[in-house]
Structures are given as structure tokens and as C-alpha cells.
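Chain letters run A, B, ... following the sequence lines, proteins first, then strands; residues in each count from 1.
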Amino acid sequence: STAMNFGSKSFQPRPPDKGSFPLDHFGECRSFKEKFMKCLRDNKFENALCRKESKAYLECRMERQLMAQEPLEKLGFGDLIDG
Amino acid sequence: TTGLGGSAVAGHASDQIENMVPVKDRIIKVTFNADVHASLQWNFRQQTEIYVVPGETALAFYKAKNPTDKPVVGISTYNVVPFEAGQYFNKIQCFCFEEQRLNPQEEVDMPVFFYIDPEFAEDPRV
């Protein structure tokens with residue numbers, strides 16, 4: 001949320017490093033999202049246990065021009081590259 | 001590194017991500033809020049909360065729907081609380097800061113891909 005402040009610290013939003021995801025209008029990667037969400041629900045919402053699923057979702061986007069191609073290491077998946 | 005004041009240095013972020021080491025004993029619960037300006041006719045909601053550690057990239061989703069019979073263009077920004085944590089919250093990619101257009105009755109998943117800077121674990125204020 002934005003607010004006018006006088007002299008108090010206010011949060012400065014920064015644009016994302018790699019910009020904006022195009023919308024997945026046709027739901028091409030929806031099944032990958034669903035797998036990831038199910039993994040979270042099955043694992044008490046612990047991100048560390050669902051990284052393969054989040055990697056698969058982003059790979060889906062990259063394969064369908066819904067995300068700029070990026071080496072997996074630069075997305076923090078260096079330890080999962082062969083998985 | 002993002003440094004004080006939270007200004008990220010473009011071009012270094014990818015290097016940081018590649019080399020950062022998760023601080024596995026510092027578990028942080030990230031919850032997502034969703035506020036929609038009164039004049040924007042979207043239904044917009046978060047889909048989850050998530051537990052992350054500094055130095056580990058994470059994915060989360062919102063869901064947006066245009067319930068009207070006309071296309072609606074919206075733009076989102078974000079806020080992070082508490083303030084002291086905000087400078088460590090790095091969005092790698094999301095749906096924000098650019099106009100997004102939803103077609104009539106369209107519903108889409110909107111991802112946020114982010115990480116919390118490992119330096120968070122060293123800051124005594126958070």
C-alpha cells in the first residue's frame with residue numbers, strides 16, 4: 001500500500017529484478033502450479049520441501065515463453081539441476 | 001548485496017542468488033496480503049502462506065479474477081512489513097509494477113518468485 005508520510009520511514013517498493021511475469025492466460029502451467037500447491041499443503045507449507053515443484057513450474061514458464069530463459073543456478077536451483 | 005536502504009544493484013542479483021547459502025536454521029513465515037483499490041474490479045487473493053529460510057528462492061501465488069464482462073487493466077505494487085525486514089525481501093520476478101489486463105471473466109494465477117537476503121540472519125533488529 002502507498003501512503004503519504006511526513007518524516008517517518010516508509011517502505012520503498014522496488015521493481016522485481018527480472019521484471020514482470022506475463023500472465024498465463026491459457027493456464028498452460030496451471031498443472032505445475034497445482035502440483036506445487038499440493039506439495040505445500042502436504043508439507044506444512046515448507047518451501048524447502050517443494051523446491052523441485054517450484055523449479056518445474058518455472059521451467060514450464062520458460063518453455064512456453066512465459067518467462068525469460070534463465071540458467072537454473074541463477075534462480076537458486078543449482079543443487080537441483082539434474083533432478 | 002542489497003546493502004542498507006534496500007537498493008539492489010542491478011546485474012549483481014543473479015550472482016548473489018547463484019552463490020547464496022540458505023540459512024537453514026532461521027525459518028521465516030511469509031504471509032501474503034491482498035488489497036484491491038476500490039475502483040479496480042478484480043477479485044484478488046493470496047493462495048498460501050509459506051515458510052522460507054534466508055538465501056533460498058521461493059515461489060508463491062495469488063489468484064486474480066475479472067468478474068465483469070469487460071477487460072480490466074490493473075497494476076499492483078507491494079509492501080513488506082515489518083519495515084526492517086523489507087530491505088531483505090527481494091522479488092526476483094512477479095506480476096507487479098506493470099499493467100496487467102484481464103479479459104472478461106478471466107481468472108489467472110499470479111506468481112511471486114522471491115528470496116530473503118541471507119544477511120537477514122545477521123541483522124539483530126529482525
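- The structure places CZ of B/Phe113 at 5.0 Å from CG of A/Leu58, a figure rounded to the nearest 0.5 Å.
- Between B/Gln100 and A/Phe21 the shortest heavy-atom distance is NE2-O, 3.6 Å.
- We find the OG1-NZ distance between B/Thr57 and A/Lys55 to be 11.5 Å, quoted to the nearest 0.5 Å.
- Taken together through direct or relayed side-chain contacts under 4.5 Å among Ile, Leu, Val, Met, Phe, Trp and Tyr, B/Phe89 and B/Phe120 form part of one hydrophobic cluster.
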Quiz item: Given the rule in the side chain to side chain contact (heavy atoms under 4.5 Å, CB included) test, do A/Leu40 and B/Ile50 qualify, once you have shown the distances and angles that lead to the verdict?
Solution: CA-CA 8 Å; A/Leu40 283 184; B/Ile50 195 167; 4.1 Å; yes

Quiz item: Given B/Asp15 and A/Lys74, is the side chain to side chain contact (heavy atoms under 4.5 Å, CB included) satisfied, shown in steps?
Solution: CA-CA 7 Å; B/Asp15 296 337; A/Lys74 295 203 183 294; 3.8 Å; yes

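- When all heavy atoms of B/Glu49 and A/Phe45 are compared, the pair lying nearest together is O-CD2, 3.4 Å.
- Scanning for ring pair (Phe, Tyr, Trp, His ring centres under 6.0 Å) contacts around A/Phe32 gives an empty result, with sequence neighbours left out.
- Both A/Tyr57 and B/Tyr62 are assigned to one and the same hydrophobic cluster, defined by single-linkage of ILVMFWY side chains at heavy-atom distances under 4.5 Å.
- When side chains are defined from C-beta on, A/Lys33 counts as touching B/Lys63, because their heavy atoms get closer than 4.5 Å.
- Using a 4.5 Å cut-off between heavy atoms, B/Asn103 touches chain A through its side chain atoms alone.
- With a threshold of 4.5 angstrom between heavy atoms, A/Phe26 does not approach chain B through any atom at all.
- Of the listed residues (B/Pro22, B/Gly55, B/Ala58), the greatest number of heavy-atom pairs within a distance under 4.5 Å of chain A belongs to B/Ala58.
- Residue A/Leu23 holds its CG atom at 6.5 Å from CD of B/Glu106, rounded to the nearest 0.5 Å.
- When the salt bridge (charged side-chain N to carboxylate O under 4.0 Å, His left out) test is applied to A/Arg30, the partners found at least two apart in sequence or on another chain are B/Asp109.
- Both A/Ile81 and B/Tyr115 are assigned to one and the same hydrophobic cluster, defined by single-linkage of ILVMFWY side chains at heavy-atom distances under 4.5 Å.
- Under the 4.5 Å side-chain heavy-atom criterion for grouping Ile, Leu, Val, Met, Phe, Trp and Tyr, A/Leu49 is not connected to A/Phe36 through any hydrophobic cluster.
- B/Ile17 and B/Val30 fall within a single hydrophobic cluster, where Ile, Leu, Val, Met, Phe, Trp and Tyr side chains are chained together by heavy-atom contacts under 4.5 Å.
- Note: A/Asn47 CG to B/Phe114 CZ = 7.0 Å, rounded to the nearest 0.5 Å.
- Residue B/Gln93 comes nearest to A/Ser20 through the heavy atom pair NE2-O, 3.5 Å, listed as atom of the first residue, atom of the second, then distance.
- Residues of residues 61-73 of chain A that come closer than 4.5 Å to chain B, counting heavy atoms only, are A/Arg61, A/Met67, A/Glu70, A/Glu73, ordered by residue number.
- Across all their heavy atoms, B/Tyr51 and A/Lys44 have their closest contact at CD1-O, 3.5 Å.
- Listed by chain and residue number, nothing satisfies the salt bridge (charged side-chain N to carboxylate O under 4.0 Å, His left out) test with A/Asp24 (two or more places apart in sequence, or in another chain).
- Between atom CD of residue B/Gln47 and atom CZ of residue A/Arg41 there is a gap of 9.0 Å, rounded to the nearest 0.5 Å.
- Of the two parts of B/Glu107, only the backbone, made up of N, CA, C and O, holds a non-hydrogen atom closer than 4.5 Å to a non-hydrogen atom of chain A.
- Looking at A/Ser54, its side chain never comes within 3.5 Å of a backbone N or O of B/Leu59 through a donor-acceptor pair.
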